[in-house]
Colleague: 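Structure provided below as structure tokens; questions to follow.
Residue numbering restarts at 1 for every chain, and letters A, B, ... go by the order of the sequence lines.
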Amino acid sequence: MSNERFDPSVADGRWQRAWDDARCFDADSNSDKPKSYVLEMFPYPSGRIHIGHVRNYTMGDVLARYRKMQGHEVLHPMGWDAFGMPAENAAMEKGVHPAGWTYDNIETMKGQLKQLGFALDWSREFATCDPEYYGHEQSLFIELFNAGLVYRKESEVNWDPVDMTVLANEQVIDGKGWRSGAEVEKRKLNQWFLKITDFAEDLLEGVQGLEDWPQKVRLMQENWIGKSQGLEFAFDLSNGGTLPVYTTRPDTIFGASFVAVAADHPVAQDVAANNCEAAKFIELCKKGGTTAAELETAEKLGFDTGIGARHPFTGEYLPLYIANFVLMDYGTGAIMAVPGHDQRDFEFATKYGLPIPRVVAASVEEAAKPFDGEAEAGEGVLVNSDFLDGMDVEAAKAEVIARAENGGWGKGTTVWRLRDWGVSRQRYWGTPIPFIHCETCGVVPVPKDQLPVKLPEDVSFEQPGNPLLRHPSWKETSCPKCGSAAQRETDTLDTFVNSSWYFLRFASQPSDKPFDADEVAKWMPVGQYIGGIEHAILHLLYARFWTRALAHVGLLEVKEPFASLFTQGMVTHETYSRKDGAREAFFMPSEVDRTSDGATLKSDGQPVEIGKVIKMSKSKKNVVDPEDIIRDYGADAVRWFMLSDSPPERDLPWSEAGIEGCGRYVQRLWRLFGQYDESASGEDKDLARKTHQTIAAVADDIEALAFNKAVARLYELTSAAEKAQPSESRNHAIRSLLLMASPMMPHLAEEGWAAMDGEGLVANAAWPEVDEALLVEDEVTIAVQHMGKLRDTLTAPKGSSKEDLEVLALASEKVQRSIDGADIRKVIVVPDRLVNIVT
RNA sequence: GCGGGCGUGGCGGAAUGGUAGACGCCGGGGACUUAAAAUCCCCUGAUCCUAUAGAUCGUGUGGGUUCGAGUCCCACCGCCCGCACCA
């Protein structure tokens, strides 16, 4: 083997072509091997791969390649989440067609992914904007419609009157459109919805079974679904009306001292109609911010309507307020307020001088105990509550609900935070909703043999508004039922629909239907799903729902799409900037010379300010382009960096010094491979043991996605092998290192494998075998402590008896010095670990 | 405010309740070289010290459990993430 340096600029491409030619990573669904489905969240083709993609796909790739080495048939596909607004924005800004822009980006990004040598089954690649894909999506949507899971209703949207488009909440900045700057209007539109709420209970229960999901994500999903149980009942009002309220604490009903409605509640609107003070107050309520932090600091405000609400048990009239802390879209938009046992009600009552009765106390004796400046929401027994006195909270809840139901004035209900999923988008670049509006027949699904309903290509983005709506002919069609003139739906589907079933299409892609259930069953559920935490709620919840909905209509067996989920951290970098008057100008790392004590701009040699280490973002310019670093260091060094140092769930700080270290290690391994010596003989027992221990440990680490630990162990074995004399054991260590490193640095491994006359491609090789007998040390180091403090270490045969260890420990001079003649009260011996002498 | 997570050298981080700081980066010293690059070797938590040895301290702070705590428990401080003033 030559002593030349490993040259990634030659080797990377060579092996990437070799894998392609051998179709190494095409998944065979008819294989007898155990199946592994490894999936990373597919990218939006925004233009170029960014470093976050590189980290995400490297992790998945290591797992996929490792599983293959373990004898699994691996499905590791890649595709493109290709519909979305950036394509339309590009169309408006640059005058390009969204389809052309998107497919160009896909080509660029695919080339970039190829440069990283990912073990992907490109034969299954598709983009969600391919008519074939969205056509099948349309047929699934119609299936759900036929099953009653799709409906239309009027719903309010953010309308930009200049761009003539609907805006997402995050596109509304200070009440103005992000692009046009125009004042955003609320508009009611007839929109399409999916009945995700039908599955609320099932989705919530399913979370319990997701043991291989991060606890954090499970909690976020539970809170998002937001189940609560309580009592809904109506107050009779002094003005003759009734007011339905919902409470989760019916037990505290005797502690209610006022009733409150949201500012946009119909009762409040009625009052405002002939009371301008009330109208002013309602205006005031609308001004406040809506973030949790703003709401938390906002003062509780109320307006006394003068109306009374009759308490269902006492008959007493409680004052009715309009209050800024009551939300219209939760429960009934009206509450019974119990200041003693709800902090918000407490603050409100304190401000407006309303009574704060105690109805729950630690014991009956404490019924008159005053409150200590805040509400008490905890457990206890009911007091001052007539027939409930003495009951615990749970019993009292049940009793009040029972009496309300018997009396016919209320009922126990479950309230969910989860809303139905609005999937209408008034945009061009999405899946056309496959329905036809007919004056006589109403809303009619497009017949399946007419799918896909393709997007028209001749559209312009020069005028504002939805191009589908103003296209001269596209929407004009005839009714599939009666044949009379009719119009196509011009809304398209939310892009989250595209990503709710792509993993099924990866598993099976017949041309005549979305997927084949039997074929899908061979792969699903996804064994390991990897992606960003930003998808913890919406994407993952929608995909869970869509999968259930398909199971509900009989198209699938599986209910949970992702057996195991991993959410990876971000790649971060420090920022470089200079104050330019009031503005701060940022510089890219490539424009800066960084030394250990500062940073200067390459162009003028003057210092720049080094800012905090934060997520890479275009606005702060603290980005590195994956293509640049692949060119400079090679794919393997980049991949190795992505896996080193930081645990994968935490943020990874990018550093020039770090990637250089990785580049050095690539060469170091290469030199070590060159020392593989066919003629060497003899055994090196220590190195052999170390090798087998490493093989076992690295396997465990990769299974646990603890790549940083696997990397550290490979460094250790590398050092040990470098120091060892030539022997068969050393050859085995080198060969094993190559195999273990191959999922992480596949190009280097192939190059080394070929030079060592390895059989075939290392991509098809097996994970090295572990000799269990060699995992066990025959000598161990024993720590000797006196009173828990380390005084000495000694070497003893593995499995020495407690008695022997005690004798050895007491024989230590250092230990004797420490004991200094004191009485030994006790000796703790942990076999093969330590001896602790207690005096 | 609520919920969750995290606090370990100059930095990223290791550590089934059992030798804290593996491994990498930075830094220092040396070898090789005309020189540089590359490579290799050694040192690198703090303090003390009679210095190839030894001692003390040390995992955000204060308590506790234990023969023994970075790890378990309680309280507090700080940082990060998520959120919904959800009745």
Colleague: Checking A/Ser719 against A/Arg668: is there a side-chain donor and acceptor pair closer than 3.5 Å?
Modeller: yes
Colleague: Please give the distance between the C1' atoms of B/rU44 and B/rC23 as a whole number of Å.
Modeller: 15 Å
Colleague: Please name the nucleotide paired to B/rU34 by Watson-Crick or G-U wobble geometry with both distances under 3.5 Å, or report none.
Modeller: none
Colleague: Give one of base, sugar-phosphate or nothing for A/Val415, where a contact means two heavy atoms less than 4.0 Å apart.
Modeller: nothing
Colleague: Would you measure the distance from the P atom in B/rG70 across to the matching atom in B/rG63 and give it in whole Å?
Modeller: 15 Å
Colleague: Return the nearest nucleotide to the side chain of A/Phe325; candidates are B/rC41, B/rC85, B/rA55.
Modeller: B/rC85
Colleague: Provide, to the nearest angstrom, the distance between the CG atom belonging to A/Asp342 and the P atom belonging to B/rG1.
Modeller: 16 Å
Colleague: Can you check the distance between B/rC6 and B/rC57, where both ends of the measurement are the P atom (answer in whole Å)?
Modeller: 29 Å
Colleague: Provide the distance between the two P atoms, one in B/rU59 and one in B/rG9, to the nearest whole Å.
Modeller: 9 Å
Colleague: Does a side-chain N or O of A/Lys789 approach OP1 or OP2 of B/rU19 to a distance below 4.0 Å, or not?
Modeller: no
Colleague: Now, which nucleotide makes the Watson-Crick or G-U wobble pair with B/rG70, with each of the two distances under 3.5 Å?
Modeller: none
Colleague: So what does A/Lys814 touch, heavy atoms closer than 4.0 Å: a base, only the sugar-phosphate, or nothing?
Modeller: sugar-phosphate
Colleague: Rounded to whole angstrom, note down the C1' distance from B/rU52 over to B/rC43.
Modeller: 14 Å
Colleague: Can you tell me, in whole Å, how much space there is between the C1' of B/rG60 and that of B/rC79?
Modeller: 10 Å
Colleague: Name the pairing partner of B/rC6, where a pair is Watson-Crick or G-U wobble with both distances under 3.5 Å, or state none.
Modeller: B/rG78
Colleague: Please give, in whole Å, the distance from B/rG18 P to A/Asp832 CG?
Modeller: 15 Å
Colleague: Using whole Å, report how far CH2 of A/Trp224 lies from C1' of B/rG3.
Modeller: 15 Å
Colleague: Enter syn or anti for the glycosidic conformation of B/rG9, syn applying to angles within 90° of 0.
Modeller: syn
Colleague: Answer yes or no: is there a donor N or O on one side and an acceptor on the other, between the side chain of A/Asn622 and the main chain of A/His573, under 3.5 Å?
Modeller: yes
Colleague: Within the side chain of A/Asp636, is there an N or O that forms a donor-acceptor pair under 3.5 Å with the backbone of A/Pro8?
Modeller: no
Colleague: Would you indicate which nucleotide in B/rU39, B/rC23, B/rC25 comes nearest to any side-chain atom of A/Tyr715?
Modeller: B/rC23
Colleague: Pairing donors with acceptors under 3.5 angstrom, does anything connect the side chains of A/Tyr665 and A/Thr718?
Modeller: yes
Colleague: Sort me out a list of protein N/O and nucleotides 49-51 of chain B N/O pairs below 3.5 Å, or just none if empty.
Modeller:
none

Colleague: Determine whether a donor-acceptor pair (N or O, by modelled atom type, separation under 3.5 Å) exists between the side chain of A/Asp832 and the backbone of A/Gly799.
Modeller: yes
Colleague: Without hydrogens or angle criteria, can the side chains of A/Asp593 and A/Thr600 be said to hold a donor-acceptor pair below 3.5 Å?
Modeller: no
Colleague: Please give, in whole Å, the distance from B/rC81 P to A/Ile614 CD1?
Modeller: 11 Å
Colleague: Closest nucleotide of RNA chain B for A/Glu660 versus for A/Ile335: which of these residues is on the 5' side?
Modeller: A/Glu660
Colleague: If you apply the rule ring pair (Phe, Tyr, Trp, His ring centres under 6.0 Å), what do you find for A/Tyr633 with A/Trp640, and how did you get there?
Modeller: CA-CA 11 Å; A/Tyr633 300 98; A/Trp640 188 252; over 10 Å; no
Colleague: Between protein and nucleotides 63-67 of chain B, what N or O pairs are separated by less than 3.5 Å?
Modeller:
{"from": "B/rC67", "atom 1": "O2'", "to": "A/Asn836", "atom 2": "ND2", "distance (Å)": "3.2"}
{"from": "B/rC67", "atom 1": "O2", "to": "A/Asn836", "atom 2": "ND2", "distance (Å)": "2.6"}

Colleague: When the P atoms of B/rG24 and B/rA31 are considered, how many whole Å apart are they?
Modeller: 24 Å
Colleague: Main chain of A/Lys411, side chain of A/Glu232: is a donor-acceptor contact present, judged purely on distance under 3.5 Å?
Modeller: no
Colleague: Quick one: does A/Arg833's side chain have a donor or acceptor within less than 3.5 Å of a partner on A/Ala783's backbone?
Modeller: no
Colleague: Would you kindly compare A/Leu790 and A/Asn223 by the position of their nearest RNA chain B nucleotide and give the one closer to the 5′ end?
Modeller: A/Leu790
Colleague: With both distances kept under 3.5 Å, what pairs with B/rG58, Watson-Crick or G-U wobble?
Modeller: none
Colleague: Round to the nearest Å and state the distance from A/Arg825 atom CZ to B/rG68 atom P.
Modeller: 9 Å
Colleague: Using a 4.0 Å heavy-atom cut-off, does A/Arg664 contact any base of the nucleic acid, only the sugar-phosphate backbone, or nothing at all?
Modeller: sugar-phosphate
Colleague: Is it true that the side chains of A/Tyr246 and A/Ser228 contain a donor and an acceptor less than 3.5 Å apart?
Modeller: yes
Colleague: OP1 or OP2 of B/rU56 sitting under 4.0 Å from any side-chain N/O of A/Arg791?
Modeller: yes
Colleague: Determine the interatomic distance between P on B/rG21 and the same-named atom on B/rC73; round to the nearest Å.
Modeller: 25 Å
Colleague: I'd like to compare against my own output: the B/S/- annotation of nucleotides 4-17 of chain B with a strict under-4.0 Å heavy-atom distance to protein.
Modeller: S-------BSSSB-
Colleague: Any chance the side chains of A/Gln693 and A/Arg713 put a donor and an acceptor closer than 3.5 Å?
Modeller: no
Colleague: Please work out if A/Ser655 contacts a base, only the sugar-phosphate, or nothing of the nucleic acid, heavy-atom cut-off 4.0 Å.
Modeller: nothing
Colleague: Starting at atom CG of A/Leu672, determine the distance to atom P of B/rC40, rounded to an integer number of angstrom.
Modeller: 11 Å
Colleague: Would you mind reading off the distance between A/Gln221 atom CD and B/rG3 atom C1', rounded to a whole angstrom?
Modeller: 15 Å
Colleague: Sort out for me which residue in A/Leu565, A/Thr567, A/Asn56, A/Thr58 forms a side-chain contact (heavy atoms from CB on, under 4.5 Å) with A/Ile530.
Modeller: A/Asn56
Colleague: Among A/Phe303, A/Tyr352, A/Phe281, find the residue that satisfies the ring-ring contact (aromatic ring centres under 6.0 Å, His included) test when tested with A/Tyr321.
Modeller: A/Tyr352
Colleague: Would you kindly give the CZ-to-P distance between A/Phe707 and B/rA22, to the nearest whole Å?
Modeller: 24 Å
Colleague: For A/Tyr246, report the nucleic acid contact type (base, sugar-phosphate, nothing); a contact means any heavy atom under 4.0 Å.
Modeller: base
Colleague: Partner lookup for B/rC23, please. Criteria are Watson-Crick or G-U wobble with both distances under 3.5 angstrom; report none if nothing qualifies.
Modeller: B/rG12
Colleague: Quick check against the 3.5 Å criterion: does A/His311 have a side-chain atom that pairs as donor or acceptor with the backbone of A/Ile253?
Modeller: yes
Colleague: Does A/Ser257 reach the main-chain N or O of A/Pro355 with its side chain, forming a donor-acceptor pair under 3.5 Å?
Modeller: yes
